[in-house]
There are 2 protein chains.
Amino acid sequence: MNYTRRHDDRLPLYQRLHDEISERIAAQQWRPGEAIPTEAELVKQFSASVGTVRKAIDMLVAEGVLERFQGRGTFVRRARFDSSLFRFFRLQKESGERQVPEGRILLRETLVAPSAVASALRLPAHAEVIHLSRLRMLDGKPLLAESIWLPRERFAALLDIDASEFGDLLYPLYEERCGQVVASAEEDLTAEAVDDVHARLLQIPKGAPVIVVERTALGYDRQPLEWRRSRGPADRFRYHVEIR
Amino acid sequence: MNYTRRHDDRLPLYQRLHDEISERIAAQQWRPGEAIPTEAELVKQFSASVGTVRKAIDMLVAEGVLERFQGRGTFVRRARFDSSLFRFFRLQKESGERQVPEGRILLRETLVAPSAVASALRLPAHAEVIHLSRLRMLDGKPLLAESIWLPRERFAALLDIDASEFGDLLYPLYEERCGQVVASAEEDLTAEAVDDVHARLLQIPKGAPVIVVERTALGYDRQPLEWRRSRGPADRFRYHVEIR
DNA sequence: GAGTGGTCTAGACCACGGT
DNA sequence: CCGTGGTCTAGACCACTCA
């Protein structure tokens, strides 16, 4: 059967297959964009029937971990929330297709994690983190002021590269330079009256309402990789949800 | 086979079953809380195999339309977003279990739908609507100021009952008095600086940030039943999302 | 045409709930 | 105990992709 780890035999077979495949992806045995073995192959490897294998895969597809293409194969899904802002916020002026806002790094420093950051990243107290401050512009106007926190250990490579090499998107950089793949994220949204510092950064009146998004980005193993807090002028954001 | 409507024969069987069951629920052949026929029964009715029937039911469960209980049966799910506010917003002071905020009707009137309302409810221009204004309190403090719009035709019964009979929750009232069942909803979230009218209602300073939630409530047939706009002090709301 | 995932069948047996 | 949904099998055939 070739399991990399013992699973609880009381669990249904499809659940064990799901966990097994999930763990192999977390271990980067198959990387984002790559195909996993065919159904027939998995049937052999796990000595299960197609229906059971399909159920395990169905679950992973529903979770957004895998993607299926008839006739081609089943692939590890690359999280494409280049910026979730464009999947979840639709910029108020719906002028057409989604552009990636330009990102400029204002600050890069290493320091001991403040307690809120350490707890969000599940780091021990006094662990070192990298802090980035970043301003994102769209149509020449400030859209988001971001504070980004990363465990120093995993992301040390970011300290060596020139600030100009940081592109507009960070997650591809994390993958290429640090081998850290973001698989999912959790966000908390609030709103507040902007403070003076951010008012200046965002070029909005003092006390104007801003949206605050706190995001924890997670790997396939659900370890927190990044924590960021972003603030943007409220009137440029609209968030849409379906409720059942 | 007993289909209530012709379906496209090119669609997979499980898809046609899904649509068929979905339509019967929309037609109130089975009402919320009631059981649909057993899998064995559906197998007979549709002359399909169990696996196929189960796949159709799986889809409806995933959509939140049905609920399964091993050994008991499969039931039409009663939308339990008594207030979505408690499933999606966690009130800032996480002091324990969820209370339903007290709701007080401030105004009830009939008028011609403003164009934004008509379009949200997909009503013809100049259709009549019922407009409710409502203030919701929690711990004695104003939490939400709501404007609620309903198609007059479907909800005429609300005009006959005493304002004191409106409880803290409206959706059960819609079901009991008007036979209108809310199955799902769509919400748009924004934030803004509060205007003077709402500042007074919510007892917050002028210009303070408020969360604005615009919700369209839909029936099982996805017809819009209600449109409402709610405003609440931003510092009492925190919205949590998972992203994949 | 070879190989992939997609649909569908007709069973078997298990686990759970209510009587 | 019976009836419900839950798991699982071992196939068949279809639809699509790519060389």
Side-chain angles (χ1 to χ4, degrees), chain A residues 1-3 7-22 24-25 30-78, chain B residues 1-3 7-22 24-25 30-78:
Chain A
M1 280 229 209
N2 232 350
Y3 289 104
H7 291 95
D8 190 335
D9 286 353
R10 292 167 303 181
L11 258 36
L13 180 52
Y14 70 85
Q15 181 63 253
R16 299 195 313 260
L17 297 202
H18 163 278
D19 295 350
E20 178 67 24
I21 295 170
S22 181
R24 292 193 185 177
I25 293 168
W30 306 303
R31 305 183 52 106
E34 290 178 11
I36 67 168
T38 65
E39 297 182 348
E41 179 58 34
L42 292 169
V43 162
K44 265 191 291 180
Q45 273 191 43
F46 295 109
S47 34
S49 75
V50 264
T52 304
V53 168
R54 285 185 65 80
K55 176 142 187 174
I57 294 176
D58 281 344
M59 293 174 73
L60 290 160
V61 169
E63 290 166 24
V65 173
L66 294 178
E67 226 171 348
R68 286 206 262 222
F69 299 95
Q70 180 169 154
R72 292 209 284 134
T74 302
F75 299 80
V76 179
R77 181 160 162 274
R78 159 164 275 111
Chain B
M1 282 230 208
N2 233 350
Y3 290 105
H7 292 96
D8 190 335
D9 287 352
R10 293 166 304 182
L11 259 36
L13 181 51
Y14 71 84
Q15 182 63 255
R16 299 193 316 259
L17 297 202
H18 163 278
D19 295 350
E20 178 66 25
I21 295 171
S22 181
R24 293 193 185 177
I25 293 168
W30 307 303
R31 306 183 51 105
E34 289 178 13
I36 67 168
T38 66
E39 296 181 348
E41 179 58 32
L42 292 169
V43 162
K44 268 190 290 180
Q45 271 190 45
F46 294 109
S47 34
S49 76
V50 264
T52 304
V53 168
R54 285 186 64 82
K55 176 141 187 175
I57 294 177
D58 281 343
M59 293 175 72
L60 290 160
V61 169
E63 289 166 26
V65 173
L66 294 179
E67 224 171 348
R68 284 207 263 224
F69 299 95
Q70 179 169 155
R72 291 209 286 133
T74 302
F75 298 79
V76 179
R77 181 161 162 274
R78 160 164 275 111

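As the structure is a prediction and not an experimental result, all values here were calculated from the model. Reminder, nothing fancy here: chain letters follow the sequence lines and each chain counts from 1.
- Listed for the B/E34 side chain is a donor-acceptor partner under 3.5 Å among the backbone atoms of B/R31.
- Rounded to an integer number of Å, the gap from NZ of A/K44 to P of C/dG3 is 11 Å.
- Checking A/I21, A/T38, A/V43 one by one against A/V53, the side chain to side chain contact (heavy atoms under 4.5 Å, CB included) holds for a single residue, A/V43.
- Each salt bridge (Lys or Arg N to Asp or Glu O under 4.0 Å) pair with one or both residues in residues 45-57 of chain A, not counting sequence neighbours, appears once here: A/E39-A/R54.
- B/L66 places its CG atom 13 Å from the C1' atom of D/dG5, with the value rounded to the nearest Å.
- As rounded to whole Å, 15 Å separates atom C1' of D/dC8 from atom CD of A/Q15.
- Within residues 30-41 of chain B, the residues that place at least one heavy atom under 4.0 Å from DNA chain D are, in residue-number order, B/T38, B/E39.
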message = Can you give me the dot-bracket string for DNA chain C, 5' to 3', counting Watson-Crick and G-U wobble pairs with both distances under 3.5 Å, using [ ] for crossing pairs and | for partners on another strand?
response = ||||||||||||||||||.

Going by atom type alone, with no hydrogens or angles, which donor-acceptor pairs under 3.5 Å involve a side-chain atom of residues 61-74 of chain B and a protein atom two or more places apart or on another chain?
from  : atom 1 : to    : atom 2 : distance (Å)
B/E63 : OE1    : B/H18 : NE2    : 3.3
B/E63 : OE2    : B/H18 : NE2    : 2.7
B/R68 : NH2    : B/D58 : OD1    : 2.0

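- Checked against salt bridge (charged side-chain N to carboxylate O under 4.0 Å, His left out), B/E41 has the following partners two or more places apart in sequence or in another chain: B/K44.
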inquiry  = Return a single string for nucleotides 9-19 of chain C, one symbol per nucleotide in 5' to 3' order, where B is base contact, S is sugar-phosphate-only contact and - is none, cutoff 4.0 angstrom on heavy atoms.
reply    = B-B---BBSS-

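- One interatomic measurement links the two molecules: CD1 of B/I57 to C1' of D/dG5, which rounds to 9 Å at whole-angstrom precision.
- Screening residues 47-66 of chain A for ring-ring contact (aromatic ring centres under 6.0 Å, His included) gives no qualifying pairs among residues at least two apart or on separate chains.
- If you take CZ of B/R68 and C1' of D/dT4, they are 12 Å apart, rounded to a whole angstrom.
- Taking 4.0 angstrom as the limit, B/Y14 places a side-chain polar atom (N or O) nearer than this to OP1 or OP2 of C/dT7.
- Remark: B/S49 pairs with B/T52 by the side-chain contact (heavy atoms from CB on, under 4.5 Å) rule, at least two apart or across chains.
- The shortest side-chain heavy-atom distance between B/L13 and B/F46 does not fall under the 4.5 Å cut-off.
- In this structure, B/E20 CD and B/L17 CG are separated by 8.0 Å, a value rounded to the nearest 0.5 Å.
- D/dA15 atom C1' lies 16 Å from atom CZ of A/F69, rounded to whole Å.
- Following rounding to the nearest Å, B/F75 (CZ) and D/dT4 (P) show an atom-to-atom distance of 11 Å.
- Within the 4.0 Å cut-off from OP1 or OP2 of C/dC8, not a single side-chain nitrogen or oxygen of B/K55 is found.
- Rounded to whole Å, atom C1' of C/dT4 lies 13 Å from atom CG of A/L42.
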